[in-house]
Amino acid sequence: CVMDGARSALPVAEPVMTASRTEAWSARDLLWLGAAALLLFATGIGLRDPWPADEPRFAVLARDMFHSGDWLFPRVGGDLYQDKPPLYFWLLTAAYAVTGSVRASFLLPSLLASFGILGLVYDLGRRISGRHAGLLAALTLACTVQFLTTMRSAQIDATLCFLMTLSLYGLLRHLLWGPAWGWYAVGGFAAGLGVITKGVGFLPILMPLVYAVMRKRGWQHLPHFTGGWRWSIAPLAM
């Protein structure tokens, strides 16, 4: 009854999420986010060694991949490492190739992931409820303990979180403010990258099914458009 009352109270003539209600992004907001990310996630990079159990294994794997030139088949101590897909190890190896130092490189993929996630969360919040909501959402996420500890460690989860957030962002740009078939393709491609980072990366691609169910049940304020064969773009991109 509460949900029915809330829905009936919404003005039918004015959609909740429209371009006219989206506030422009602010350079000051991005500076605040960048400063928070540097303070929370970048401090200490290059000052510590990888910590057991996973970080030393991942760092050595990336170093050996670089020196051997074999980027297709990750190895640990000469043995094939088949526990995880390779994308994260490629990023670690690229960071090592740039810096030439395990200490300086093994946390860089997670740091870059943190910047990307906060930027995407800010932009989604800005589009839905305005600049201040987007900024507060991103800063709240940055100060969340689990997010903070994950982004300050050399774990696959940080990169996976970024790719899944990017996938959700692309799909939402299409499903909430669409049609935007380019962003729809980005959502599928990012989900595919998530799969070769960790198996659960495919989950965002289920969002169009949720959209279809909501449309069928008559949810208001969702854009309704047809696309025909173009709805296959995201699965193909994945």
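Keep in mind the model is a prediction, meaning the values are calculated, not measured.
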Measure the shortest side-chain to side-chain distance between [X] and [Y] over non-hydrogen atoms and say whether it is less than 4.5 angstrom.
X: Y81; Y: R57; result: yes
X: L203; Y: L206; result: yes
X: L172; Y: M207; result: yes
X: W183; Y: W177; result: no
X: L38; Y: F115; result: yes
X: L175; Y: R215; result: no
X: V60; Y: D64; result: yes
X: V186; Y: Y169; result: no

### Message
Could you walk me through whether I117 and M151 satisfy the side chain to side chain contact (heavy atoms under 4.5 Å, CB included) test, starting with their C-alpha distance in whole Å, then the side-chain angles of each, then the deciding distance to 0.1 Å, before giving a yes or no?
### Response
CA-CA 10 Å; I117 294 167; M151 297 300 151; 3.4 Å; yes
Can you name the closest pair of heavy atoms from [X] and [Y] and give their distance?
X: I205; Y: P235; result: CD1-N, 4.3 Å
X: A154; Y: L107; result: N-CD2, 3.6 Å
X: P86; Y: P74; result: CB-CG, 4.2 Å
X: P204; Y: L171; result: O-CD1, 3.0 Å
X: A142; Y: L40; result: O-CD1, 3.6 Å
X: A185; Y: A237; result: O-CB, 3.6 Å

### Task
Mark yes or no for whether W71, through its side chain, and W90, through its backbone, hold a donor-acceptor pair below 3.5 Å.
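No, because the side chain of W71 does not come within donor-acceptor range (under 3.5 Å) of the backbone of W90.
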Euclidean distance, [Y] [atom2] relative to [X] [atom1], rounded to 0.5 Å:
X: S105; Y: L91; atom1: OG; atom2: CG; value: 11.5 Å
X: L193; Y: L160; atom1: CG; atom2: CG; value: 11.0 Å
X: S110; Y: L108; atom1: OG; atom2: CG; value: 9.0 Å
X: R75; Y: M65; atom1: CZ; atom2: CE; value: 10.0 Å
X: H132; Y: L136; atom1: NE2; atom2: CG; value: 8.5 Å
X: L163; Y: F189; atom1: CG; atom2: CZ; value: 9.5 Å

### Task
Using only heavy-atom distances, determine whether the side chains of T43 and R152 contain a donor-acceptor pair under 3.5 Å.
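Yes.
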### Query
So, W231 versus F225, ring centres under 6.0 angstrom or not?
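Yes; F225 has its ring centre under 6.0 Å from that of W231.
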### Query
Hey, do the aromatic rings of F147 and F41 have their centres closer than 6.0 Å?
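F147 vs F41: aromatic centres under 6.0 Å.
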### Message
For T149 and Q155: C-alpha separation, side-chain torsions, deciding distance, then whether side chain to side chain contact (heavy atoms under 4.5 Å, CB included) applies.
### Response
CA-CA 10 Å; T149 55; Q155 298 291 338; over 6 Å; no
### Message
Are there over 12 heavy-atom neighbours, none belonging to F89, within less than 6.0 Å of that residue's CZ?
### Response
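Yes - once you tally the heavy atoms of other residues, nucleotides and ligands closer than 6.0 Å, there are more than 12.
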Between [X] and [Y], is there a shared hydrophobic cluster once you connect ILVMFWY residues whose side-chain heavy atoms come closer than 4.5 Å?
X: I45; Y: L92; answer: yes
X: L111; Y: I156; answer: yes
X: L166; Y: V195; answer: no
X: F66; Y: F73; answer: no
X: W229; Y: W181; answer: yes

### Message
Quick one, F162 with L120, criterion side chain to side chain contact (heavy atoms under 4.5 Å, CB included). Give me CA distance, side-chain angles, the key distance, then yes/no.
### Response
CA-CA 9 Å; F162 166 71; L120 293 171; 4.0 Å; yes
### Audit row: Y122, R131, side chain to side chain contact (heavy atoms under 4.5 Å, CB included) steps and yes/no
CA-CA 8 Å; Y122 165 76; R131 277 185 43 240; 3.9 Å; yes
